[in-house]
Amino acid sequence: MINKIKTYAKWIISVILAAFGIYVWSMKIKKQSDLNKTNKDIEDNNKKINDVDNKIKDVVDKKVEVVGDIKAEEIIIQDLKQEIKEVSPEPITDVTEAKENIIKKTKRRGRRPNKNNKTNSVTKSENK
């Protein structure tokens, strides 16, 4: 009977050790898969970081170009302002010159009678 108990004890201990071995083996596989997943996530994040770094470099380069363009435009604007200050209209010294200038630049037209309306075509001499 003791031999049967020893045999059963051996079987029970071997089953317990086998279950423990299977548990350790499955935990090892789970840790390895978690590690692989984590490494993949890290690689994906590194790729995204590199992409963002490249975009940042592009934006910085464009910013430098735009700042250069703005400085060039500011120089042009300052030159134009200086030219505007240098150019001044000729002052008119006499009122008669101003009047003559206005008359030259405007066209004078007399009143034209309406050809369709015959009642308005009466001359001043007829009204008297």
Side-chain angles (χ1 to χ4, degrees):
M1 178 117 175
I2 292 186
N3 286 335
K4 281 190 174 191
I5 293 174
K6 285 182 183 180
T7 312
Y8 288 128
K10 287 179 185 178
W11 279 103
I12 291 173
I13 291 173
S14 62
V15 168
I16 291 172
L17 289 176
F20 182 72
I22 291 172
Y23 175 74
V24 170
W25 177 72
S26 65
M27 291 307 290
K28 183 178 179 182
I29 290 175
K30 185 177 184 321
K31 284 182 182 178
Q32 186 66 32
S33 65
D34 288 345
L35 182 65
N36 289 339
K37 183 180 178 185
T38 305
N39 286 337
K40 184 181 177 193
D41 290 342
I42 290 171
E43 289 176 7
D44 290 342
N45 286 339
N46 286 336
K47 287 179 184 178
K48 289 178 183 178
I49 289 171
N50 289 336
D51 291 342
V52 170
D53 286 341
N54 290 335
K55 289 179 182 179
I56 289 172
K57 287 178 185 177
D58 292 341
V59 168
V60 168
D61 292 342
K62 288 180 183 179
K63 180 182 175 185
V64 168
E65 288 178 18
V66 169
V67 168
D69 292 343
I70 289 173
K71 287 182 180 178
E73 292 294 326
E74 286 176 350
I75 291 171
I76 292 171
I77 289 171
Q78 289 176 352
D79 291 343
L80 290 174
K81 284 182 179 179
Q82 185 65 28
E83 288 178 10
I84 288 172
K85 287 180 182 178
E86 291 173 0
V87 174
S88 61
E90 297 176 8
I92 298 175
T93 56
D94 192 11
V95 176
T96 57
E97 289 179 13
K99 182 179 178 181
E100 290 174 6
N101 190 18
I102 291 171
I103 291 172
K104 286 181 187 176
K105 291 186 178 181
T106 59
K107 293 182 180 178
R108 291 193 159 207
R109 291 185 180 178
R111 272 190 144 179
R112 293 183 183 169
N114 191 352
K115 293 179 182 177
N116 294 333
N117 192 355
K118 296 180 181 181
T119 59
N120 289 339
S121 62
V122 177
T123 61
K124 290 183 181 180
S125 61
E126 293 176 7
N127 285 336
K128 291 184 182 181

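All values below were derived from every heavy atom in this structure, side-chain atoms included, with hydrogens, water molecules and symmetry-related copies excluded.
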Tell me which donor-acceptor pairs under 3.5 Å the side chains of residues 57-82 have, and how far apart each pair is, sequence neighbours excluded?
none

Throw together a table of side-chain donor-acceptor distances under 3.5 angstrom for residues 19-39, partners on residues two or more places apart or in other chains.
from, atom 1, to, atom 2, distance (Å)
S26, OG, I22, O, 3.2
S26, OG, Y23, O, 2.8
K30, NZ, D34, OD2, 3.4
S33, OG, I29, O, 3.4
S33, OG, K30, O, 2.8
N36, ND2, Q32, O, 3.4
T38, OG1, D34, O, 2.7
N39, ND2, L35, O, 3.4

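Annotation: the span from N54 atom CG to I49 atom CD1 amounts to 12.0 Å, rounded to 0.5 Å. N46 contributes atom CG, which lies 7.5 Å from atom CD of E43 (distance to the nearest 0.5 angstrom).
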